[in-house]
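Inspection log for the structure reproduced underneath, given as C-alpha cells.
This is a predicted model, so every value here is computed, not measured.
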Amino acid sequence: QVQFVESGGGLVHPGGSLSLSCAASILPFRIYALAWYRQAPGKQRVLVAGIGSGGSTNYADSVKGRVTISRDNAKNTVYLQMNSLKPEDTAVYYCYADLQGSPVVYWGQGTQVTVSS
C-alpha cells in the first residue's frame, strides 16, 4: 500500500518561512512527477509547484520567487521551501505524485500551513 508521510506544517508569522517534506513509498520514486498542491477553506485545490522526474520545475505565479520545490530520490522525498509567507498562503498543503502514461495518481494526507500574526 502506498504511503505518504507529510511533515513541516504549522503556524508562522507573515514574512516567515516553512519547509514541508513528503516521504513516499512509491517505487521507483525517481520516475514519478511530483508536486505540491494547496487548498484554502472554501476554495479549490490548486497547484503550488511541480517537479518532473528529470528535475524540471514549475510554479504558480502567486508563489514564484518565494517557494522552491526539490526532490531527493535517494530518500524518496519531495520538499517545499516557502519563504516570505503571506496570510493568503494559509491552506492545507498536499503532496502529489503521478506517472506519465498512467492514470494512477497519489495524494498525501495534507498538512496545515497557517500564516497569521
Side-chain angles (χ1 to χ4, degrees):
Q1 183 177 351
V2 173
Q3 288 188 321
F4 284 70
V5 179
E6 296 185 28
S7 61
L11 173 65
V12 64
H13 293 308
S17 298
L18 276 178
S19 181
L20 307 182
S21 63
C22 174
S25 64
I26 49 175
L27 296 173
F29 183 83
R30 58 179 172 79
I31 68 174
Y32 281 81
L34 307 166
W36 287 93
Y37 284 74
R38 68 185 181 188
Q39 187 168 18
K43 296 188 177 181
Q44 290 187 330
R45 192 173 297 187
V46 296
L47 177 70
V48 177
I51 184 166
S53 58
S56 60
T57 58
N58 61 289
Y59 296 93
D61 287 343
S62 60
V63 302
K64 279 182 180 176
R66 301 189 296 119
V67 165
T68 302
I69 188 171
S70 60
R71 62 190 296 163
D72 185 338
N73 292 335
K75 296 182 178 179
N76 284 20
T77 301
V78 58
Y79 303 95
L80 189 71
Q81 176 65 42
M82 301 187 291
N83 302 319
S84 302
L85 284 163
K86 305 175 182 179
E88 51 263 43
D89 294 317
T90 295
V92 177
Y93 285 69
Y94 298 88
C95 61
Y96 166 94
D98 70 22
L99 188 61
Q100 188 174 8
S102 168
V104 179
V105 299
Y106 300 104
W107 290 96
Q109 80 280 5
T111 185
Q112 177 70 46
V113 171
T114 302
V115 185
S116 175
S117 55

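A salt bridge (Lys or Arg N to Asp or Glu O under 4.0 Å) check over residues 71-80, counting only residues at least two apart or in different chains, returns nothing. Here salt bridge (Lys or Arg N to Asp or Glu O under 4.0 Å) pairs that include residues 5-19, with residues two or more places apart or in two chains, number zero. Each ring-ring contact (aromatic ring centres under 6.0 Å, His included) pair with one or both residues in residues 6-35, not counting sequence neighbours, would appear here, but there are none. Screening residues 97-108 for salt bridge (Lys or Arg N to Asp or Glu O under 4.0 Å), with sequence neighbours left out, gives no hits. Residue pairs meeting the disulfide (SG to SG under 2.5 Å) criterion with at least one partner in residues 73-110, sequence neighbours excluded, are C22-C95. Within the structure, the ring-ring contact (aromatic ring centres under 6.0 Å, His included) test picks out no pair touching residues 47-84 (sequence neighbours left out). For residues 32-67, no pair satisfies disulfide (SG to SG under 2.5 Å), with sequence neighbours left out. Listed by first and then second residue, the salt bridge (Lys or Arg N to Asp or Glu O under 4.0 Å) pairs that reach into residues 25-41 are R38-D89, sequence neighbours excluded.
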Side-chain donor/acceptor pairs under 3.5 Å, residues 103-112, sequence neighbours excluded:
from: T111; atom 1: OG1; to: G9; atom 2: N; distance (Å): 3.4
from: Q112; atom 1: NE2; to: A91; atom 2: O; distance (Å): 3.4
from: Q112; atom 1: NE2; to: T114; atom 2: OG1; distance (Å): 3.3

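Among residues two or more places apart in sequence or in another chain, the side-chain hydrogen bond (donor to acceptor under 3.5 Å, both in side chains) test is passed with S7 by S21. Looking at residues two or more places apart in sequence or on another chain, you find a salt bridge (charged side-chain N to carboxylate O under 4.0 Å, His left out) between K64 and D61.
Other members of a hydrophobic cluster containing V46 are absent, since no ILVMFWY side chain comes under 4.5 Å of it, directly or through relayed contacts.
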